[in-house]
Number of protein chains: 2
Amino acid sequence: MPTPARTSLDEIVLAGRTILEADGIDGLTMQRVAATVGVRPPSLYKRVEGRTHLVRLIANDVVGELAETMDAAATSGDPRHDLRRLAHAFRAFAQANPNGYSLIFGQLDEAERADPELNARASAALLRTAAALAGPDYGLDAARTVVAWANGFVSMELSGAFRLGGDVDRAFAYGIDRLSSSISDGAPLPR
Amino acid sequence: MPTPARTSLDEIVLAGRTILEADGIDGLTMQRVAATVGVRPPSLYKRVEGRTHLVRLIANDVVGELAETMDAAATSGDPRHDLRRLAHAFRAFAQANPNGYSLIFGQLDEAERADPELNARASAALLRTAAALAGPDYGLDAARTVVAWANGFVSMELSGAFRLGGDVDRAFAYGIDRLSSSISDGAPLPR
DNA sequence: ACCTGAACACCGTTCAAGT
DNA sequence: ACCTGAACACCGTTCAAGT
């Protein structure tokens with residue numbers, strides 16, 4: 001005799017993401033998720049292989065949203081301007097979703113990480129813009145430099161690593177300005 | 001009737017760091033540590049407040065070693081040269097101690113992180129060198145830019161985030177060259 | 001077809017009892 | 001003074017039994 005479904009995969013992932021953002025990765029327990037969607041913990045295993053799988057599904061959800069955000073930020077046609085907007089959109093996303101951000105860029109087991117294709121989509125706009133600035137020969141190097149800086153800056157900011165005072169917003173603007181000009185094709189080469 | 005001590009705090013921290021490096025943060029259980037030092041789990045609590053405290057002690061150990069490594073890499077007197085050597089030393093340290101590195105720069109609860117003063121010592125050489133290059137007005141901004149880039153680059157490399165092929169070593173050299181020249185006082189300002 | 005209680009293995013941690 | 005077994009709370013996960 002069939003029992004009507006009391007929840008769904010989407011509801012589980014959404015509940016998981018909400019709990020993650022509220023209480024961090026350690027607060028994300030199967031019991032919390034089950035209670036949130038109104039079911040007992042064992043029932044979750046009808047829709048999800050286990051906690052590791054659920055974490056990956058949440059990471060996919062977050063990284064997909066990041067991809068949309070980034071795509072929407074790179075539409076001006078001026079790569080210089082786009083790069084600045086991309087950097088600011090990236091930082092704003094991380095500040096709005098700190099624990100979700102850590103899920104994407106933090107160190108996780110392979111099985112917990114978001115799908116590589118989704119990660120590629122999230123960085124596509126930055127790659128394209130950096131390549132437009134740096135030219136074909138150094139496009140990939142330039143993109144990696146910008147992504148590394150943005151990710152490092154934001155994760156240090158989120159973890160409270162900038163402890164020496166000063167204006168963190170100014171440091172961010174300084175960084176994107178210097179990077180933007182120094183990766184640009186035609187900029188003077190390093191002396 | 002006193003019982004002779006069968007282990008010590010130093011031995012516990014060393015065992016913890018060895019287990020961390022071998023099996024990651026999830027493999028670092030009180031049971032593993034206790035077995036390694038030849039004691040039952042409850043005995044650890046005579047020397048350590050709990051797992052959180054032990055993680056912090058290990059983080060302190062790692063960050064202290066990083067500080068020594070960095071200090072030793074910045075001795076040439078030429079800030080340009082020092083900056084390059086610092087970046088390479090930083091990356092080499094992370095590659096030699098990947099899980100220890102994640103303990104320092106990954107997202108952890110406040111109680112698990114290394115002492116702020118030790119973190120400051122580890123970044124002192126980079127700060128000093130970047131400030132020497134950028135001059136007093138932009139020293140802090142420049143240092144934050146370089147540290148953010150180095151940390152972001154290394155953590156992405158460790159987590160396997162550079163998936164588009166190409167030469168990662170070249171991207172690292174490219175990044176440090178561009179940063180070094182673009183933060184230097186007297187370099188052309190961003191256009 | 002989905003849900004549940006009971007059970008298991010494995011954690012961190014406490015504490016009274018041993019020496 | 002340090003060490004230990006026993007116990008507790010809390011995880012993730014499995015599974016036979018219910019509807």
Side-chain angles (χ1 to χ4, degrees), chain A residues 1-59 99 102-103 106-113, chain B residues 1-59 99 102-103 106-113:
Chain A
M1 201 82 69
T3 316
R6 246 164 258 187
T7 183
S8 68
L9 182 58
D10 281 357
E11 196 191 7
I12 289 170
V13 173
L14 178 60
R17 187 170 166 188
T18 305
I19 295 168
L20 169 75
E21 219 44 84
D23 291 337
I25 186 68
D26 288 340
L28 180 67
T29 69
M30 298 300 268
Q31 330 223 1
R32 277 288 303 273
V33 174
T36 304
V37 302
V39 107
R40 298 287 172 177
S43 298
L44 297 177
Y45 293 79
K46 280 280 154 178
R47 332 221 175 237
V48 155
E49 291 172 26
R51 186 179 181 277
T52 297
H53 183 210
L54 176 57
V55 169
R56 191 170 71 241
L57 292 175
I58 297 171
N99 288 321
S102 297
L103 213 58
Q107 69 288 358
L108 288 171
D109 299 329
E110 184 68 24
E112 287 181 319
R113 268 207 288 276
Chain B
M1 201 83 67
T3 314
R6 244 165 261 185
T7 184
S8 68
L9 182 58
D10 282 356
E11 196 190 8
I12 289 170
V13 173
L14 177 61
R17 187 168 164 187
T18 305
I19 294 168
L20 169 76
E21 219 44 85
D23 291 337
I25 187 69
D26 289 339
L28 180 68
T29 68
M30 298 301 268
Q31 330 223 1
R32 276 288 303 274
V33 174
T36 303
V37 303
V39 106
R40 299 286 173 178
S43 298
L44 297 176
Y45 293 79
K46 279 280 153 179
R47 332 220 175 239
V48 155
E49 291 171 26
R51 185 179 182 276
T52 296
H53 183 211
L54 176 56
V55 169
R56 192 170 69 240
L57 292 175
I58 296 171
N99 288 321
S102 297
L103 213 59
Q107 69 288 356
L108 288 172
D109 299 329
E110 185 67 26
E112 288 181 318
R113 268 206 289 276

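Values reported hereafter were calculated over all heavy atoms of this structure, with side chains retained and with hydrogens, waters and symmetry mates removed. To find a chain, count down the sequence lines: A is the first, B the second, and so on, and within it residues start at 1.
Nucleotide C:dC11 holds its P atom 16 Å from the CG atom of A:D26, rounded to whole Å. Between B:Q31 atom CD and D:dC3 atom P there is a gap of 17 Å when expressed in whole angstrom units. To the nearest angstrom, P of D:dC2 lies 12 Å from CG of B:L9. The CG atom of B:L44 sits 16 Å away from the C1' atom of D:dA1 (whole-angstrom rounding). Atom-to-atom, CZ of B:R51 to P of D:dC10 comes out at 18 Å; the value is rounded to the nearest Å. Remark: P of D:dC3 and CD of B:E11 are 10 Å apart, rounded to the nearest angstrom. Between the CE atom of A:M30 and the P atom of C:dC11 there is a distance of 19 Å, rounded to whole Å. A straight line from CG of A:D109 to C1' of D:dG12 spans 15 Å, rounded to a whole angstrom.
Here the nucleotide nearest the side chain of A:R6, chosen from C:dT13, C:dT4, D:dT4, is C:dT4. Checked against D:dC2, C:dC2, C:dT13, the side chain of B:Y45 finds its nearest nucleotide in C:dT13. The side chain of A:P41 sits closest to D:dT13 out of C:dT4, D:dG5, D:dT13. With distances taken from any side-chain atom of A:T3 to the nucleotides C:dA1, C:dT4, C:dG12, the minimum falls on C:dA1.
Side-chain contact between B:L57 and B:L9 is present, with at least one heavy-atom pair separated by less than 4.5 Å.
Residue B:I19 forms a side chain to side chain contact (heavy atoms under 4.5 Å, CB included) with just one option from B:N99, B:T29, B:I25, B:V33, and that option is B:V33.
Among the heavy atoms of the strands lying under 4.0 Å from B:T29 are primed sugar atoms or P, OP1, OP2 only; no base atom is included. At a threshold of 4.0 angstrom between heavy atoms, the contacts of B:R47 are confined to the sugar-phosphate backbone, with no base atom among them.
Scanning all heavy atoms of the two residues, the minimum distance from B:G50 to B:M30 falls at C-CE, 4.0 Å. The shortest heavy-atom contact between B:R113 and B:R56 is O-CG, 3.0 Å.
Applying the side-chain contact (heavy atoms from CB on, under 4.5 Å) rule to A:E112 yields the partners A:R51, A:T52, A:V55, A:L108, A:D109; only residues at least two apart in sequence or on another chain are considered. Shown here are the side-chain contact (heavy atoms from CB on, under 4.5 Å) partners of B:T18, two or more places apart in sequence or in another chain: B:L14. For B:D10, the side-chain contact (heavy atoms from CB on, under 4.5 Å) criterion is met by B:S8, not counting sequence neighbours.
For DNA chain D, runs of at least 3 consecutive pairs of the Watson-Crick or G-U wobble type, with both hydrogen-bonding distances under 3.5 angstrom, map to C:4-8 with D:12-16, C:12-16 with D:4-8.
The salt bridge (Lys or Arg N to Asp or Glu O under 4.0 Å) analysis of residues 32-49 of chain A, with sequence neighbours excluded, yields the pairs A:D23-A:R32.
For the atom pair CD1 of A:I12 and CG of A:L54, the computed distance is 7.5 Å after rounding to the nearest 0.5 Å.
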Polar atoms only, N or O, under 3.5 Å: list the protein pairs with nucleotides 15-17 of chain C and their distances.
none

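The phosphate of D:dG5 has OP1 or OP2 within less than 4.0 Å of a side-chain N or O from B:R40.
Within the 3.5 Å criterion, the main-chain N or O of A:I58 finds no donor-acceptor partner in the side chain of A:R17.
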